[in-house]
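A quick write-up on the structure given underneath.
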Amino acid sequence: MRSRLIKITGMIAAAALFLASCTKDLDRQPKYGNTAASLYVNLAGYKSVMAKVYAGLTLTGNNGPDGSGDISGIDEGFSSYLRQYWSVQELSTDEAVIGWNDATIKDFHYMTWSPADVFIRALYSRIYFQITLANEFIRESSAAKVSERGISGADATEIAYMRAEARFLRALSYYHAMDLFGNVPFVTEDDNVGAFLPNQITRTNLFNYIETELKAIETELKDARTNEYGRADKAAAWALLSRLYLNAQVYTGTARYTDCITYCNKITAISGYSLINNYRNLFLADNHATSGAEFIFAINFDGNKARTWGGTTFLVHAPIVGSMQAADHGVDFGWGGIRTTKQFVQKFAGPAGDSRQNFHTSGQNLEINDISSANDGYGIIKFRNKTSTGANGSNPTWVDTDFPIFRLAEIYLNYAEAVVRGGSGGSSSTALTYINNLRQRAYGNTSGNITSGDLTLPFLIDERAKELHWEAVRRTDLIRFGQFTEGTYLWAWKGNTLNGQAVGAHRKLYPVPSADLVANPNLRQNDGY
């Protein structure tokens with residue numbers, strides 16, 4: 001099922017809606033020969049459409065990486081959901097810089113983006129394309145419609161599980177929209193199908209909607225660790241709730257650390273979840289086989305069946321810079337783009353032996369005097385198209401490495417932070433144990449262990465960087481800790497200056513794309529843009 005979930009078939013073309021301006025027309029009917037009547041005829045048909053909903057996180061269109069993409073206005077290779085989400089979450093921080101001159105790509109690290117930014121619009125459109133796909137599936141998989149089509153018994157039960165998964169995927173995309181853009185357009189399966197101008201929901205109200213949805217599907221998703229790999233289960237919903245509550249004060253002004261602890265506890269209570277022994281194996285081509293005990297929800301990639309210039313293909317090729325050898329990463333060539341800053345490198349100044357420290361330094365300059373130079377800034381070796389046994393992935397161009405959206409390590413870190421921030425229902429000793437478990441894996445022994453007095457918020461933000469770097473959480477973390485736009489923490493080229501400077505607080509949110517403001521008069525731009 002791993003390949004089946006991410007393989008696009010002819011049956012699911014009906015779900016591929018082109019969004020020239022996503023907020024102008026979120027729920028139009030497909031302009032294709034296939035209709036609901038021909039697609040949703042049996043369990044196999046539902047599975048095919050469900051595959052497209054999952055594939056929206058992975059692929060860019062129905063015809064391979066160089067065909068016609070799902071969204072317009074940008075080169076298809078740049079239009080990948082994960083590639084653009086990773087870029088706005090990582091390139092805007094201390095963890096990553098990119099040396100290319102493609103359009104406005106450097107503006108992320110300079111923190112000088114505008115509402116006209118082509119990459120911001122691409123991600124915004126991709127998020128709403130994904131929501132559109134989920135809405136369509138949810139609408140067509142109601143118990144009433146399934147019954148009308150003569151589907152019953154075990155098949156109807158499986159469709160009900162998939163409907164809950166579609167609701168999870170929609171909640172995940174709405175979470176991304178809320179985190180990145182704040183007040184956004186809002187449409188569900190209950191809205192009439194057809195062109196209309198959706199209203200804007202406030203960030204607080206969207207937070208409440210996401211929370212309500214995730215709690216509602218707690219009982220409708222399959223039990224934790226019982227679904228097929230790559231499909232959402234109850235633990236995936238709990239993990240998203242954990243992240244939602246950890247950031248609640250940013251989103252709503254009200255702290256919810258006790259709730260964060262509650263949902264972390266739900267996951268850690270499940271038998272079968274554990275940290276895998278080797279940190280670096282989490283990011284290899286066979287991580288679907290080696291890391292299942294730690295992965296709670298991952299985006300699947302397959303070098304032969306799911307080809308894309310985004311996703312982990314981007315995350316393996318683009319960081320190969322300077323003297324790094326593409327063959328060491330299981331691919332045919334490097335793209336010479338992504339490096340990291342001195343400030344991130346310096347976070348590993350503690351005890352030697354941390355396996356999470358995996359920099360390429362030969363021929364690289366620690367200082368980034370020229371962001372365009374692939375030799376300025378250390379390389380990071382993280383995602384690779386090699387297996388845990390040293391073999392290459394199935395394809396030297398498009399990689400097999402899956403991307404973890406939620407893994408147990410983050411839950412440990414969320415729990416510890418929520419305890420330190422004063423949440424109830426947790427234990428300081430358990431928090432310390434979780435952090436030392438991560439560090440014992442990193443060091444291979446107890447040499448990196450900390451004591452209770454070390455477990456502070458400044459320690460935790462740096463520990464999150466070490467453990468979760470390049471996993472698309474850094475921007476959100478820095479905002480929560482008051483370090484993203486502020487002058488309390490500076491990194492190279494923050495604010496478009498060599499040594500960094502504070503930027504306007506409005507950049508904690510990205511702007512609503514200009515094209516969507518023109519298309520939909522119901523939308524209001526975020527302050528400061």
[X] versus [Y], closest heavy-atom pair with distance:
X	Y	answer
Leu123	Val88	CD2-CG2, 3.5 Å
Arg139	Glu189	NE-O, 3.2 Å
Ser424	Ile261	O-CD1, 3.6 Å
Pro185	Leu523	CG-CD2, 3.6 Å

Would you find a donor on one side and an acceptor on the other, under 3.5 Å apart, between the side chain of [X] and the backbone of [Y]?
X	Y	result
Ser291	Glu294	no
Ser274	Ala293	no
Arg163	Ile138	yes
Ser242	Cys264	no
Asp233	Ala236	yes
Thr93	Glu90	yes
Asn385	Ala285	no
Asn265	Thr262	no
Asp117	Ile120	yes
Thr104	Asp107	no

Derivation and outcome, side chain to side chain contact (heavy atoms under 4.5 Å, CB included), residues Arg126 and Gln84: CA-CA 9 Å; Arg126 180 60 71 180; Gln84 289 306 325; over 6 Å; no
What is the distance from atom [atom1] of [X] to atom [atom2] of [Y], rounded to the nearest 0.5 Å?
X	Y	atom1	atom2	value
Asp70	Leu133	CG	CG	7.0 Å
Ser92	Arg507	OG	CZ	11.0 Å
Leu246	Cys260	CG	SG	4.5 Å
Glu95	Ile380	CD	CD1	7.0 Å
Leu241	Asp259	CG	CG	9.0 Å
Thr60	Tyr81	OG1	OH	15.0 Å

Checking [X] now: which residues fulfil side-chain hydrogen bond (donor to acceptor under 3.5 Å, both in side chains) with it, not counting sequence neighbours?
X	value
Asn183	none
Gln525	none
Arg203	none

Listed partners of Asp75 passing salt bridge (charged side-chain N to carboxylate O under 4.0 Å, His left out), at least two apart: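 Not a single residue meets the salt bridge (charged side-chain N to carboxylate O under 4.0 Å, His left out) criterion with Asp75.
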Would you mind checking if [Y] and [X] are paired as a salt bridge, meaning a charged N to carboxylate O distance below 4.0 Å?
X	Y	result
Glu410	Arg243	yes
Asp477	Arg480	yes
Glu140	Arg149	yes

Report the relative orientation of the aromatic rings in [X] and [Y]; use parallel for angles under 30°, tilted for 30 to 60°, perpendicular for over 60°.
X	Y	answer
Tyr245	Tyr263	tilted
Phe119	Phe108	tilted
Tyr251	Phe207	tilted
Trp335	His317	parallel

Side chain to side chain contact (heavy atoms under 4.5 Å, CB included) assessment of Ile159 paired with Lys47: CA-CA 8 Å; Ile159 291 169; Lys47 279 188 173 181; over 6 Å; no
Salt bridge (charged side-chain N to carboxylate O under 4.0 Å, His left out) assessment of Arg407 paired with Glu467: CA-CA 11 Å; Arg407 58 185 179 93; Glu467 180 68 32; 2.9 Å; yes
Of Phe403, Phe301, Phe383, the residue whose pairing with Phe283 passes ring-ring contact (aromatic ring centres under 6.0 Å, His included):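 Looking at Phe403, Phe301, Phe383, the match for Phe283 under the ring-ring contact (aromatic ring centres under 6.0 Å, His included) is Phe383.
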His176 and its ring-ring contact (aromatic ring centres under 6.0 Å, His included) partner, picked from Tyr85, Tyr510, Trp86: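 Going through Tyr85, Tyr510, Trp86 one by one, the ring-ring contact (aromatic ring centres under 6.0 Å, His included) with His176 is satisfied by Tyr85 alone.
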Residues that Ala239 engages under side-chain contact (heavy atoms from CB on, under 4.5 Å), provided they are two or more places apart: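 Ile267, Ile296, Phe406, Ile411.
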By side-chain contact (heavy atoms from CB on, under 4.5 Å) - contacts of Ala177 (at least two apart):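 Ala177: side-chain contact (heavy atoms from CB on, under 4.5 Å) contacts with Ile127, Tyr128, Val184.
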Trp470 six-ring centre to Lys382 NZ/CZ under 6.0 Å and within 45° of normal: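 Judged by the rule (NZ or CZ under 6.0 Å from the ring centre, within 45° of its axis), Lys382 is not positioned above Trp470.
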Lys/Arg cation over aromatic Phe78: Arg121, 6.0 Å, 45° cone: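 No, a cation-pi geometry is absent between Arg121 and Phe78.
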Derivation of the side chain to side chain contact (heavy atoms under 4.5 Å, CB included) call for Asn199 and Phe186: CA-CA 6 Å; Asn199 291 317; Phe186 183 68; over 6 Å; no
Any side-chain heavy atom of [X] within less than 4.5 Å of one from [Y]?
X	Y	answer
Tyr161	Leu221	no
Glu211	Arg256	yes
Leu82	Leu57	no
Arg307	Asn304	yes
His329	Arg384	yes
Arg474	His469	no
Trp309	Glu76	no
Thr312	Asp402	no

Among side-chain atoms of [X] and [Y], is any donor-acceptor pair under 3.5 angstrom?
X	Y	result
Asn414	Arg464	yes
Asn281	Thr290	no
Tyr54	Glu165	yes

Check against side chain to side chain contact (heavy atoms under 4.5 Å, CB included), Thr268 and Tyr273: CA-CA 7 Å; Thr268 56; Tyr273 283 123; over 6 Å; no
